[in-house]
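All of these numbers come straight from a predicted model, not from anything done at the bench. Convention: sequence-line order gives letters A, B, ...; per-chain numbering from 1.
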Number of protein chains: 2
Amino acid sequence: MSLSPVRPKGPHLNALRAFEAAARLGSFTAAADELSVTPGAVTQHIKTLEAWAETQLFIRNARGVKLTPLAEELLPGFTQAFDQLGFSVHALRNKATPQKIKVAALPAIAQLWLAPRLGLLREVAPEISVSVVALDTPPNLAREPFDMTLFFSGKPLGKNEVKVTGDCIFPVCAPSIAARLTRVDDLGAETLLHDGAWHEDWDIWLRAQSGGEKIPRAGTVHSLFSIALEEARHGGGVLIAHETLVADLLQRGDLVRPFATSVDLPRNMVARFTPAFRQSETYEIVKRVLLSEG
Amino acid sequence: MSLSPVRPKGPHLNALRAFEAAARLGSFTAAADELSVTPGAVTQHIKTLEAWAETQLFIRNARGVKLTPLAEELLPGFTQAFDQLGFSVHALRNKATPQKIKVAALPAIAQLWLAPRLGLLREVAPEISVSVVALDTPPNLAREPFDMTLFFSGKPLGKNEVKVTGDCIFPVCAPSIAARLTRVDDLGAETLLHDGAWHEDWDIWLRAQSGGEKIPRAGTVHSLFSIALEEARHGGGVLIAHETLVADLLQRGDLVRPFATSVDLPRNMVARFTPAFRQSETYEIVKRVLLSEG
DNA sequence: TATGAGCCTTAGTTTTTCTACATCAAAATA
DNA sequence: TATTTTGATGTAGAAAAACTAAGGCTCATA
């Protein structure tokens, strides 16, 4: 019996959050990414927490970490707590400023699909202000302050998800280039443009064409689809494009499809919403305007 | 549509915790107390949160704060989240170090009732280590890292509470003083000792005696019951004592009861446990040993 | 009118948290 | 086998957050 003079303190909330993220994702690096900090910060948080609890939470291997049985057992409770907290934070934002919404989207989607539609939204409901953040990977909606995300997904639709469009690829190019393309074989003489994140697109499309296997895949890679698109528009080569992202330019005639065949990819453009946002008045308007014509 | 380059951040967790406490308790000062910080810290947290959400959460009056309807609406969700978090933290401690338990108790209870029994516990289960923190008011078990509390309570027993003893008061003094006390009136010539936190005790007891109303209540006040008790033991006066706290000294003969009459107060000494602790193996042992003889 | 309770503000300090690197070990690759 | 890659760690310094202390304000109550 030690009559301690000081009120004992609980662990730091940030350490608990770091633990939950690391345990759920099974990786300190992934947790650091979700929390927008460096992996070193996560290491420190978890070390602090382990010292506080006087126990080990992770088994460190040189290549990644593994949960101890204790951490495994405790994880669901922490996840539930932070989920509830995240929901309440979303509710706070949605009820305090219902006319302001935050969207996270793939850069290409943000620029080529979303941007035109936001003009439409402004016409219909000028009181709604939308802020868009371009991200390469979908954020964890239960934890980060976004109301909706727009990404491609090959998984079955989840509870708060809505299919926006399918994903279908085909080559596009400037009309001047299209003039000299009649057979798939002609592509061998052209620069094949593609996006770095979708480096398999040409391969997929060519494999679906008879004789396409022989075309060399080498070409110019751009880190952003929108830059590759710009390049194609100026006659820089033939781009393997995603239908939803080039519909506008095709309609305007800036780009044309040299070949009729397209390939459907097994994935969709998916809009995902937070449960809190779905309860707000704004949700219906946004959904109606943005997802009107599939 | 502003294409923001930075990933937006959620509010700080500490700010959310401060909000929850302030909203639940309806007072910044009380929240500061629960969180063991100064009221200024709470003010700042809440101001930060209000700025983040771009909304007002409290209506400030010169005398206390009132929740806005929005805050009122959001409170339950936040409370639930932090309750769950608290439970998980307790579970972490209980499963990581099941042999270490933390108790918060009233100073007088800690010293006079609990301390003797801890020796007994050590005999029965030496592997259990108990740390005791003396507090004047019961801590919020759902938020602070204690496994159990021991305080007097006049309220009906709650879900995780167990009655330990009743509370019954009567005068005690050294045998030398008792020798010159025969009637209640004789108390008029003695120094009446009492604890500052229980300043009404003499009043209550005297009112229950015939003729007691006339005795002057003035006497020596001590901030700690145990100091008043020490004073009484050394012949410094007559103390109005609580049965559970002086049983030992009475049995040993260090103190005696000059009058037979006692008054039952409408309250009990109550042990309260965390739900997480009740699930641990240690709970049964502790309960059996400490609460054996009512 | 004086007092006290309760919150606010500001300035300055302490504590916490984060980053930037360098390092290390196992696994994957060549 | 040598090399590269991946993911975690340790440390120092810097940045950010959180806290305290002290003075001030306002309203209710005595």
Does a side-chain N-to-carboxylate-O contact under 4.0 Å join A:Glu161 and A:Lys155?
-> no
Angle between terminal axes - the helix from C:dT1-D:dA30 to C:dA30-D:dT1, 5 pairs each end, rounded to 10° | 30°
Going through the distances and angles, do B:Arg93 and B:Lys102 end up as a side chain to side chain contact (heavy atoms under 4.5 Å, CB included)?
-> CA-CA 10 Å; B:Arg93 259 188 22 80; B:Lys102 287 187 196 289; 3.7 Å; yes
Set of residues satisfying ring pair (Phe, Tyr, Trp, His ring centres under 6.0 Å) with respect to B:Phe273, sequence neighbours excluded | B:Tyr283
Write out all pairs satisfying salt bridge (Lys or Arg N to Asp or Glu O under 4.0 Å) with one or both partners inside residues 48-58 of chain B, taking only residues at least two apart or from two chains.
-> A:Lys100-B:Glu54, B:Glu50-B:Arg60
Please work out if B:Thr43 contacts a base, only the sugar-phosphate, or nothing of the nucleic acid, heavy-atom cut-off 4.0 Å.
-> base
Do any side-chain nitrogens or oxygens of B:Lys47 fall under 4.0 Å of OP1 or OP2 in C:dT9?
-> yes
Ion pair present between A:Arg143 and A:Glu20, side-chain N to carboxylate O less than 4.0 angstrom?
-> yes
Go through B:Gln56 and B:Thr68 one step at a time and tell me if the side-chain hydrogen bond (donor to acceptor under 3.5 Å, both in side chains) criterion holds.
-> CA-CA 7 Å; B:Gln56 204 178 357; B:Thr68 59; over 6 Å; no
Would you check if the distance from the ring center of A:Phe28 to the ring center of A:Phe58 is below 6.0 Å?
-> yes
Hey, are A:Asn94 and A:Asp147 close enough side-chain-wise for a donor-acceptor pair under 3.5 Å?
-> yes
Under a 4.0 Å heavy-atom criterion, the protein footprint on nucleotides 17-30 of chain C, written with B, S and -, is SBB-----BSS---
Identify the 5'-most and 3'-most nucleotides of DNA chain D with at least one atom closer than 4.0 Å to a non-hydrogen atom of chain B.
-> D:dA17 to D:dA28
Within the structure, does a side-chain N or O atom of B:Thr29 lie under 4.0 Å from either OP1 or OP2 of C:dA5?
-> no
For the residue pair A:Trp52 and A:His12, is the inter-centroid distance of their aromatic rings smaller than 6.0 Å?
-> no
If a pair satisfies salt bridge (Lys or Arg N to Asp or Glu O under 4.0 Å) and one of its residues is in residues 38-48 of chain B, list it, with sequence neighbours excluded.
-> none
Could you state the NZ-C1' distance from B:Lys66 to C:dC7, rounded to the nearest angstrom?
-> 16 Å
